[in-house]
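For reference, the structure discussed in these notes is given below.
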Amino acid sequence: MLDEMVRDQCGVFGVFGNRRAAELTYLGLYALQHRGHESAGIVTSDNGRFRLHKGMGQVSEVFADHQNLAKLSGRIAIGHDRYSTTGASSLLNIQPFIITNRRSNLAIVHNGNLTNSVHLKTALDSKGSIFQTTSDTEIILHLVATSKKRSRLERICDALRRIRGAYSLLFLTEDSIIAARDPQGFRPLALGKLRKTYLVASETCAFDIVGARYIRDIEPGEVLEISDRGLHSKKLDCHGPHAFCIFEYIYFARPDSRIFGENADKVRRRLGRLLAREHPVEADVVIGIPDSANTATLGFAEESGIKFEIGLIRNHYVGRTFIDPQQSIRDLDVKLKFNPVKGVLKGRRVVVVDDSIVRGTTARKLVKMIREAGAKEIHFRVSCPPIISPCFFGVDMPTRKELIGSSRTVKQIEEYLGVDSLRYLSLEGMLAMPSLPKTTFCHGCFSGKYPIKVPRINGRNRSGGH
Ligand code: SF4
């Protein structure tokens, strides 16, 4: 996945029962930075008083002034990393969101995307709800606030029963954390423990950084309250198939995370191995697009017996550049990020493995760069099928028209990229690689068949099944 990337919208992290709750949350968000790096925030409850700090930028930038972290006192905290579009309006959309309702505070962080948000927002609007953000997450708070149920937990469950789509959520109340995952389980959410402290995170790599151990996943359709009374689990009585996002294994999750019951690294390596079996090629060297394709590339090299080498160096310190576009160097965006290792590529038949192709524009520039470094042949291998359709469940993707896999055949993409051959992993093969049955996964962006009803595309309601 190159910098034309699709983006997962968020990472969430929560801590219950630790006087260093904000500090642990900061570290957890740091480990989850890959899930969203344009804004971050933490809210704590200090004996019922909420303390909040949030802002634009990566976690380390938002909390660059340590005073901002130090003032977040309290034993309970939730936090959020978010990918968002830039612009003034997005400041309002930075999570956590807080409301005060029935004289008590409630905060929320969300990873996912609701599919019935337009309908719900219209209904709430007509009843007088006033929205402060353009985020669908705020709708959930309004539904909780307007629920007629008596207890706080019942009001939250009542709201969750009305929403559809993808949500891995954390609520902060004055004395508890409530974690919830949608009945399909699109996005991961895991429970961990550090001595007597409970933690909840989008991915288990966030437990490792604070020395906590993984306990279990929050189940699809589960609402788990964590308080001084212990753990209290409820099941939402909504149904529908499980639909874990297969893209988490392909690209989003860190390889050192355990998600959907399995290490992402293991699945990613199997994807690479199968890719080598499905599409063998005679070559001298195999290189991966760093960093996200590294693991699949290792799998490809192991299976094919072709030597794995580092053929591209990625610059991890790319920030904004201030080059006048008029004077800019051709393909500067790619050159800033990658540099070819000429000694590896020159005169060689090269297999390039990537985990996915979205628009194809950056892949094309990289192929040109590898060619200019002297590669004799370039065989591009992709460890997933062509992306042909957008995601409605929390992944920010280009429109169908912009997805190269939707508008061109593999042969046409091969020509566009300028490679000697291009091959993708098959849909069947991809779905067979995790240990769970293939019917457990969402593959909507690869097949156009979505596990639940989604908003209209081109005037038609889309839904489908496995
Ligand atoms: S449509 Fe694609 S990215 Fe979205 S949840 Fe399904 S598999 Fe994941």
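The chain is numbered in sequence order, starting from 1. The figures that follow rest on heavy atoms only: side chains count, while hydrogens, waters and symmetry mates do not. Atoms within a ligand are numbered from 1 in the order they appear, just like the ligands themselves.
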Audit row: Y167, N111, side-chain hydrogen bond (donor to acceptor under 3.5 Å, both in side chains) steps and yes/no = CA-CA 6 Å; Y167 54 87; N111 174 207; over 6 Å; no
F393: numbered ligand 1 atoms lying under 4.0 Å from its heavy atoms |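 Those qualifying, in numeric order: 5 (S).
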Which atoms form the tightest heavy-atom contact between T204 and Y214, and what is the distance?
->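 The answer is CG2-CD1, 3.4 Å.
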Distance-only, no hydrogens or angles: does the R269 side chain make a donor-acceptor pair with backbone N or O of A296 under 3.5 Å?
->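 Side chain of R269 to backbone of A296: no pair is present.
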Tell me, which protein residue and heavy-atom name are nearest [atom], and how many Å apart are they?
atom                    : answer
atom 6 (Fe) of ligand 1 : C442 SG, 2.3 Å
atom 5 (S) of ligand 1  : R187 NH2, 3.4 Å
atom 2 (Fe) of ligand 1 : C445 SG, 2.3 Å

State whether C391 contributes an N/O/S atom found under 2.8 Å from atom 8 (Fe) of ligand 1.
->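 No, since none of the N, O or S atoms of C391 sits under 2.8 Å from atom 8 (Fe) of ligand 1.
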Give a yes/no answer: is there an N/O/S atom of C245 under 2.8 Å from atom 2 (Fe) of ligand 1?
->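 Within the cut-off used here (under 2.8 Å), C245 places no N, O or S atom near atom 2 (Fe) of ligand 1.
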Ring-face cation contact, F300 with R381, 6.0 Å cut, 45° max =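 Checked: cation-pi criterion not met.
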If the plane angle is over 60° it's perpendicular, under 30° parallel, otherwise tilted; pick one for F260 and F441.
->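 Ring orientation of F260 relative to F441: perpendicular.
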Which is it for K449 and ligand 1 at heavy atoms under 4.0 Å: side chain, backbone, both or neither?
->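 Neither; nothing of K449 gets under 4.0 Å from ligand 1.
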Is the F247 to F252 ring centre distance short of 6.0 Å?
->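 Ring-ring flag for F247/F252: true, centres closer than 6.0 Å.
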